Amino acid sequence: MVLSKISSQSDVSVHSTFASRYVRESLPRYRMPDNSIPKEAAFQIINDELMLDGRPRLNLASFVTTWMEPECDKLIMDALNKNYVDMDEYPVTTELQNRCVNMIAHLFNAPLGESEAAVGVGTVGSSEAIMLAGLAFKRKWQNKRRALGLPCDKPNIVTGANVQVCWEKFARYFEVELKEVKLTEGYYVMDPEKAVEMVDENTICVAAILGSTLNGEFEDVKKLNDLLTEKNRVTGWDTPIHVDAASGGFIAPFLWPELEWDFRLPLVKSINVSGHKYGLVYAGVGWAIWRSKDDLPDELIFHINYLGADQPTFTLNFSKGSSQIIAQYYQLIRLGHEGYRNVMENCHQNAMFLREGLERTGRFEIVSKEIGVPLVAFSLKDNSRHDEFEIAEMLRSYGWIVPAYTMPADAQHITVLRVVIREDFSRTLAERLVLDVTKVLHELDNLPVRLHAKSTAVVEEAAAAVVVAAGEGGSGRVNGTFLKKTEIETQREITTYWKKFVANKKKNNKNTIC
Amino acid sequence: MVLSKMSSQSDVSVHSTFASRYVRESLPRYRMPETSIPKDAAFQIINDELMLDGRPRLNLASFVTTWMEPECDKLIMDSLNKNYVDMDEYPVTTELQNRCVNMIAHLFNAPLGDSEAAVGVGTVGSSEAIMLAGLAFKRKWQNKRKALGLPTDNPNIVTGANVQVCWEKFARYFEVELKEVKLTEGYYVMDPEKAVEMVDENTICVAAILGSTLNGEFEDVKKLNDLLTEKNRATGWDTPIHVDAASGGFIAPFLWPDLEWDFRLPLVKSINVSGHKYGLVYAGVGWAIWRSKDDLPDELIFHINYLGADQPTFTLNFSKGSSQIIAQYYQLIRLGHEGYRNVMENCHENAMFLKEGLEKTGRFEIVSKEIGVPLVAFSLKDNSQHDEFQIAEMLRTYGWIVPAYTMPADAQHITVLRVVIREDFSRTLAERLVLDVSKVLHELDTLPVRLHGKVAVVEGESAAAEAVIAGEGRSGAVNGTFLKKTEIETQREIMIYWKNFVANKKKLKNNKNTIC
């Protein structure tokens, strides 16, 4: 008896996790604790807090893959402790990366000789790929200008206003002016004619998007190529094209193989694609592919010694995991053309199904196109009573994460909801979503028109109010004027106010969706 | 009977993986195959090819963590499909990142008020962190010069020649001149006096390294700070300091808490540290911490909407996994100061043990210091007969991956072997390594002096020769002169030639510090 009592006092592991003191004491949030805690407790504390995150599989906001086969999960897990950059130590991993680059280059019709190796790199995502591609264009342009004795201090890049935020980031960090082609209502991609008009001698490249972030539409790269060829002929410049195929790069070759957007067009010098979107790999892998060696200035390349052979590298990162590269290789050989085509066809058909379901409600205008990335972007025909942000908020209570956002400048009075159809979004889920959207519409019809003015926040009154105020942090002030109301009315108003607050914040946003 | 036969013909899954046709047919290497293959076959094909990679745990070349607790592995696995950048959807993950930033900033003695939030970001690694920090210095310098009406077209950065390759990368990609303080024999870190001498009005910052890549030595940041303060006073500039604490940032605060290298020194404006080195997380996480908001120009920050609150972001990447951030938080709260101190003490003691073991052989000069990152860098006292590259190659046959490399310019006649002591390198393994090094030394003594000239390659004679030629690819031509030898002699010479070829290649690279 005595013995067993002693052991239970001294040995922490005898307690079950939730019977231990670690769930009773709060950890310092912003400082490292002084003492260690048992690993079970650490696991449980973190795991439990993470329950409050959204569920990735129900996140319809993002293209980024949320499901892979268990076999691939195992390969990923096994490679977690392998540093991708140790090419000398892990030659096979390096070889798999090179194979992926070559497979993707062939998929994009790079003009390669029989035994010629493709030029490209694996990256953390399309952002890194775009910075690398942009840097290559900038350096090539600088070198050419310097050789001609011309100034090279005012480079610019031409894109549509619908590009993802990373282009703006590239421009700001690498000191290149971003010239955006404005959008107009009903036309949400870059107009090739306007783009080519904006090209001048300082333009390092025109960036086209295959799969606009906003509505998934493919830009007309072929027309851009033709117009630019003509302009280059007249002016004597040789302004090249980059295609940001982050989302569409693994769609177009399988669903519309005849569509010419890739290296078949002579001015397309580089393409980026996200492996973690329709490349069907978890977040953390992208690819940048160049047309040929000449399009990548040698001075940007660092040479690493790889088994006595020279392994050129071009990256903004250094040490990183190998898992995603291996996972990409798994998908490419496991699925092959056949498998990718089947997956993309499924996605496309589920998108069409969802689109029809939404059209049937009679309340929505569909903004996305049939040919494009499998997503459905839609806006309310009449948003005078309730708007898209309210729908997004209410869908969240059903578990769906559907983003609502306004279009960029010159079309910013349009708000859209966007549902991305990923591989793991089955027909059953699509049916369910249509049902839930219908329910939300009914609920909204029964709600009063949303409040425009500032609404009351009665801080001490209801628990809900406290939660709202706490959630708000230091960023916004609630101007409260006290009115006598029932508790439920108050709560509702606070919630409405809060939703509006969030919605307004969101409206001012750049294209940070991914 | 008939039925069962039919099913076995039609159903691929009846075959066991190795009885299926997928191990018999070769996949196209550089093109996507036309048809799908079963997932078990794909798994097995990749898994089996990866067996030929080195074993990460025995890779003594790298600081990067190769082992974590199974509980943490589970957290990582669970968050593989969570995109770190979706802050709105995964608010808890974002909060964990912010907590990590604050914990690390406090660890580095950032001058924070009680309720003040630290300024910093999680990155993919120290490379990204360094680019971000460098970019901030460059932009701040540009803004200041522009305000004064001075030219901004020739920024430079002062570092030691011992810095990791990513500084060179930063310089080249962001168009900043890299001014390197030369090393001398026996002194393998940046000399603060020489560094401060090189500072001019165009210097955006001086970068010091806490834990030199080459021998783990800590640079004297305090002295640098004092000298630079004096120079700033005399000239009226305010050249700041960045500390690249990629490897030492989680060592110094636990083993030598009194060493002043961090935000306690007023000129230190930013620090980077690799979470995936002694932060004890798998590859893919680093941290950049700034002293205060003022040290990070606002124009570089992109604002993301995060639960209605504003979440500033500063990164070169966008979508990426959340696992590493969560794993870092796990380590910080699981281990606490106590746990990190214990781990670092173990590493340090194992390093000392290994150092003594190597000294006892009487053949090595130890190049690393007692105070520094737990690694042992050593070179042969006499490398006229056999050199360090041969030792590295021979250790590989025992399973150890120990890199040999030459020092940078002005000390490049020195070659060192470097063994990094990570958390998971136990005393038993250290003992084993000392034994194996002694064995290698004995083996080398019995081998003839390495050949300098061209060695005969007898094509078609032995399988080994073919392997050598195949392995060589297009990168080197072998000039063969035929000599009559026994097959074993020939094989040995070919091997030696090949080893030398690789070793020379390594030397020639004038070897930027691409070790990590």
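In what follows, chains carry the letters A, B, and so on, assigned in the order in which the sequence lines appear, proteins first and then strands, with residues in each chain numbered from 1. Just so it is clear, the structure is predicted and the values come from calculations on it, not from any experiment.
When atom types are taken as modelled, the side chain of A:Asn81 and the backbone of B:Thr66 share a donor-acceptor pair closer than 3.5 angstrom. Of the possible donor and acceptor atoms, none in the side chain of B:Arg334 sits under 3.5 Å from a partner among the backbone N and O of A:Ala42. When atom types are taken as modelled, the side chain of A:Ser36 and the backbone of B:Leu335 share a donor-acceptor pair closer than 3.5 angstrom.
If you measure heavy-atom distances from A:Leu75 to chain B, the contacts under 4.5 Å come from both the backbone and the side chain. Only the side chain of A:Gln142 comes within less than 4.5 Å of a heavy atom of chain B; its backbone N, CA, C and O stay farther away. For A:Leu96, the part lying near chain B is the side chain, with the backbone staying farther off; criterion is any non-hydrogen pair under 4.5 Å. Both the backbone and the side chain of A:Met32 come within less than 4.5 Å of a heavy atom in chain B. For chain B, the nearby parts of A:Glu49 are the backbone and the side chain; heavy atoms of each come within less than 4.5 Å. Contacts between A:Leu80 and chain B at a heavy-atom distance below 4.5 Å involve backbone atoms as well as side-chain atoms. Using a 4.5 Å cut-off between heavy atoms, A:Leu58 does not touch chain B at all. At a 4.5 Å heavy-atom cutoff, the contact between B:Tyr340 and chain A is made by side-chain atoms alone.
Note on B:Met68, B:His276, B:Met51, B:Arg57: by heavy-atom pairs under 4.5 Å with chain A, the leading option is B:His276. Between chain A and the residues B:Pro28, B:Gly54, B:Cys100, the largest count of heavy-atom pairs under 4.5 Å involves B:Gly54. The candidate with the highest count of non-hydrogen atom pairs below 4.5 Å against chain A, out of B:Pro70, B:Pro56, B:Gly336, is B:Pro56. Taking B:Glu175, B:Lys138, B:Arg341 one by one and counting their heavy-atom pairs under 4.5 Å with chain A, the maximum is reached by B:Glu175. Most heavy-atom pairs under 4.5 Å with chain A: of the set B:Gly125, B:Gly321, B:Ala118, B:Ser323, this distinction falls to B:Gly321. When A:Met131, A:Lys74, A:Gln44, A:Met77 are compared by the number of non-hydrogen pairs under 4.5 Å with chain B, A:Met77 comes out ahead. Ranked by heavy-atom pairs under 4.5 Å with chain A, the list B:Leu332, B:Thr35, B:Asp78 is led by B:Thr35.
With a 4.5 Å cut-off on side-chain heavy atoms, A:Phe318 and B:Val165 count as touching. Side-chain atoms of A:Glu95 and B:Arg29, non-hydrogen and from C-beta on, do get closer than 4.5 Å to each other. Residues B:Lys82 and A:Tyr282 are not in side-chain contact: their nearest non-hydrogen atoms beyond the backbone lie 4.5 Å or more apart. At least one side-chain heavy atom of A:Asp78 sits less than 4.5 Å from a side-chain heavy atom of B:Asn47.
Taking both residues in full, the closest heavy atoms of A:Ser127 and B:Leu316 are given as CB-O, 3.7 Å, listed atom of the first, atom of the second, then distance. What you find for B:Lys169 and A:Thr315 is that their closest heavy atoms are NZ-O, 3.1 Å. The two residues A:Glu128 and B:Asn317 have their closest heavy-atom pair at CB-OD1, 3.4 Å.
Take A:Asp73 and apply the salt bridge (Lys or Arg N to Asp or Glu O under 4.0 Å) test, not counting sequence neighbours, and it matches no residue. For the side-chain contact (heavy atoms from CB on, under 4.5 Å) test, residues two or more places apart in sequence or in another chain that qualify with A:Leu27 are A:Pro33, A:Ile45, B:Ile333.
Not less than 6.0 angstrom separates the ring centroid of B:Tyr330 from the ring centroid of A:Phe43.
In summary, the side chains of B:Thr93 and A:Asp53 do present a donor paired with an acceptor at a separation below 3.5 Å, with no hydrogens or angles considered. Donor-acceptor pairing under 3.5 Å is recorded for the side chains of A:Asn59 and B:Tyr90.
The aromatic rings of A:Phe314 and B:Tyr173 lie perpendicular to each other, with more than 60° between the two planes, well past the 30° mark.
Remark: A:Glu89 does not engage B:Arg55 in a salt bridge, criterion side-chain N to carboxylate O under 4.0 Å.
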